Amino acid sequence: MSEPIQPPADLLDRLVSLGKQRGFFFQSSEIYGGINALYDFGPLGTRIRRNIRSRWWRSIVELRDDVEGIESSIIMNPQVWVASGHVAGFSDPLVDCTGSCRKRWREDHLAAERIARGKHPDAPGCPECGGPLTGARQFNLMFRTFLGPVEDSSAQVYLRPETAQGMFVDFRSVLTSSRQRIPFGIAQNGKSFRNEISPGNSIFRMREFEMMELEFFCKPGTDEEWYDHWRSARFSWYTEELGIRRERLRLRDHDHEELSHYAKAATDVEYLFPFGWGELEGIANRTDFDLSAHQKASGADLSYLDPVTGERYVPYVIEPSVGVDRIMLIVLLDAYDEEMVRGEKRVVLRMHPDVAPVQVAVLPLSKKEELCVRARDLEHRLRPHFATEYDETQSIGRRYRRQDEIGTPLAVTVDFESLQDDAVTIRERDGMTQVRVPISGLEEALRDQLALFRQRTAARACGAAPAGP
Ligand code: ATP
């Protein structure tokens with residue numbers, strides 16, 4: 001396979017500005033000057049996120065017999081976080097700059113922060129100003145609040161920093177209510193909160209984010225096989241289901257020093273971001289650490305009795321864990337392209353047609369009443385079958401450009417001839433080619449064209465086709 005070409009360093013900035021302009025994502029509470037590491041998602045960003053979530057849910061839960069979905073609460077009994085080890089150990093090493101910039105850093109990120117600023121990874125002092133740094137102290141990342149009206153330590157609770165503990169704590173109740181047998185998994189997605197020391201790179205590292213996690217319970221001794229299964233299944237999901245370029249993805253196994261205390265093995269699916277390789281998803285063999293810890297702390301029996309062999313054991317767990325926001329970021333980064341068309345720059349998001357916020361745009365050629373009525377009617381008819389959008393503002397050229405910028409694969413144009421011949425033009429995003437089709441066969445033609453897009457995206461993901469059209 002050819003060496004991956006690192007995306008240009010300023011790609012993230014270009015994407016952030018497109019994201020704001022087109023309403024993918026932007027700073028939360030912007031009218032008050034924003035708030036650090038918290039983001040809102042606009043109408044198009046929300047559509048992309050729903051598509052990502054539903055593709056994950058479909059592949060992890062709906063298409064399998066052996067995974068159940070749940071939704072557990074964000075605030076849990078604080079004992080959960082004591083037993084899981086988060087109260088004592090969910091912390092990062094914090095160092096302070098005592099020089100001119102006074103920034104705070106994660107000690108284990110200092111080298112990467114220096115590289116990002118064009119410095120040597122071992123350069124002394126603060127990555128920003130070179131000033132002296134304090135020694136490291138552990139900083140717990142969990143947000144705290146109070147449950148009920150009395151603000152004392154007995155009422156202190158935490159906002160969950162991961163969704164996984166909900167699956168462990170609910171293990172027994174799902175097992176008895178769902179008629180599943182080991183091996184089986186429990187999955188959920190939802191918001192998580194971490195008071196990150198050095199958030200950044202836009203939506204890559206935030207303080208409120210959304211996770212999609214699976215805890216897959218299996219018999220000890222079969223755990224390595226299941227770990228291998230999820231390791232490769234999750235890697236290929238990105239190319240096959242999202243059309244992400246394989247050359248920008250890799251699996252990186254953790255060596256012994258990097259492994260968390262509870263893990264027997266762990267690997268990261270990494271993506272080549274404009275700022276270098278970074279974690280996209282983590283897959284870990286968590287052994288029986290969590291269930292045993294909760295069994296001990298709660299007194300509840302979390303073991304499993306095999307009805308066939310009569311064996312009793314505490315199951316091992318394989319966990320693939322990923323953030324919706326990080327997937328959204330790589331979907332956009334991977335799709336972003338610029339090219340010159342007739343002397344003008346065209347920005348185009350070559351996105352997978354099932355992730356794109358709009359699949360079919362319906363555009364009247366001009367604002368003439370009869371064209372608008374016809375186009376609007378057509379868009380209403382297509383709406384139950386595709387993710388559609390109707391747009392009658394601006395010139396047709398500008399509207400095509402806007403659709404290219406938001407990744408819409410197909411645009412249907414209603415022109416004056418359409419009123420006579422009952423036919424419309426379909427324009428496709430990547431090569432900008434156009435075909436005329438009768439309205440009676442429009443739905444089928446659009447389906448066929450979207451299928452072609454899926455094939456082309458898959459070929460590009462595997463490196464079988466050039467990045468462009
Ligand atoms: P790090 O060491 O980089 O802080 P981690 O290895 O502790 O992170 P995990 O607990 O493995 O992170 O998180 C699982 C996944 O959740 C990550 O792969 C990422 O997709 C997502 N994620 C974690 N933290 C954040 C965050 N602060 N913002 C956005 N997504 C996050």
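Here the structure is a predicted model, which means the values were calculated and not measured. Both ligands and their constituent atoms are indexed starting at 1 by order of listing.
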- Query: Side chains of Gln165 and Arg160: does their closest heavy-atom pair fall under 4.5 Å?
  - Reply: no

- Message: For a 4.5 angstrom cut-off between non-hydrogen side-chain atoms, does Thr134 reach Thr98?
- Response: yes

- Note on the structure: A student checking ligand 1 against Leu280 at a 4.0 Å heavy-atom cut-off should list atoms 18 (O), 19 (C), 20 (O)

- Item | Closest protein heavy atom to atom 29 (C) of ligand 1, given as residue, atom name and distance to 0.1 Å | Phe204 O, 3.2 Å

- Message: With nothing but distance in play, are any N or O atoms of Asp92 less than 3.5 Å from an N or O of ligand 1?
- Response: no

- Query: Between Tyr271, Phe90, Phe209, which one has a non-hydrogen atom sitting closest to atom 30 (N) of ligand 1?
  - Reply: Phe209

- Message: Using 0.5 Å steps for rounding, measure from the OH atom of Tyr158 to the CG atom of Asn140.
- Response: 7.0 Å

- Message: Would you call the rings of Phe204 and Phe273 parallel, tilted or perpendicular, taking 30° and 60° as the class edges?
- Response: perpendicular

- Proximity of Met211 to ligand 1 by residue part, where a heavy atom lies under 4.0 Å: side chain

- Nearest-option assignment for atom 3 (O) of ligand 1, heavy atoms, candidates Glu210, Arg205, Glu279, Met212: Arg205

- Task: Determine, considering heavy atoms only, which of Ser192, Gly278, Ser321 sits nearest to atom 15 (C) of ligand 1.
- Result: Ser321

- Note on the structure: Among His109, Arg194, Met206, the residue with a heavy atom nearest to atom 26 (C) of ligand 1 is Met206

- Message: What I'd like to find out is whether the side chain of Leu291 reaches to under 4.5 Å of the side chain of Pro315, using heavy atoms alone.
- Response: yes

- Query: Should Asp391 and Arg399 count as an ion pair when the cut-off is N to O under 4.0 Å?
  - Reply: no

- Item | Shortest protein heavy-atom distance from atom 2 (O) of ligand 1, along with the residue and atom involved | Arg106 NH2, 3.4 Å

- Check ligand 1 against Glu196 and write out every atom of the ligand that is under 4.0 Å from a heavy-atom position of the residue. 24 (N), 26 (C), 27 (N)

- Message: Consider ring-ring contact (aromatic ring centres under 6.0 Å, His included). Of Phe217, Phe216, Tyr304, which one does Phe171 pass it with?
- Response: Phe217

- Query: Between the side chain of Arg346 and the main-chain N/O of Asp337, is any donor-acceptor distance below 3.5 Å?
  - Reply: no

- Do any nitrogen or oxygen atoms of Gly323 come within less than 3.5 Å of a nitrogen or oxygen of ligand 1? yes

- Item | Close-contact set for ligand 1 against Glu281 heavy atoms, below 4.0 Å | 18 (O)

- Assess Asp325 for proximity to ligand 1: is some non-hydrogen atom of it under 4.0 Å away? no

- Hey, are Glu210 and Arg49 close enough for a salt bridge, meaning a charged N less than 4.0 Å from a carboxylate O? yes

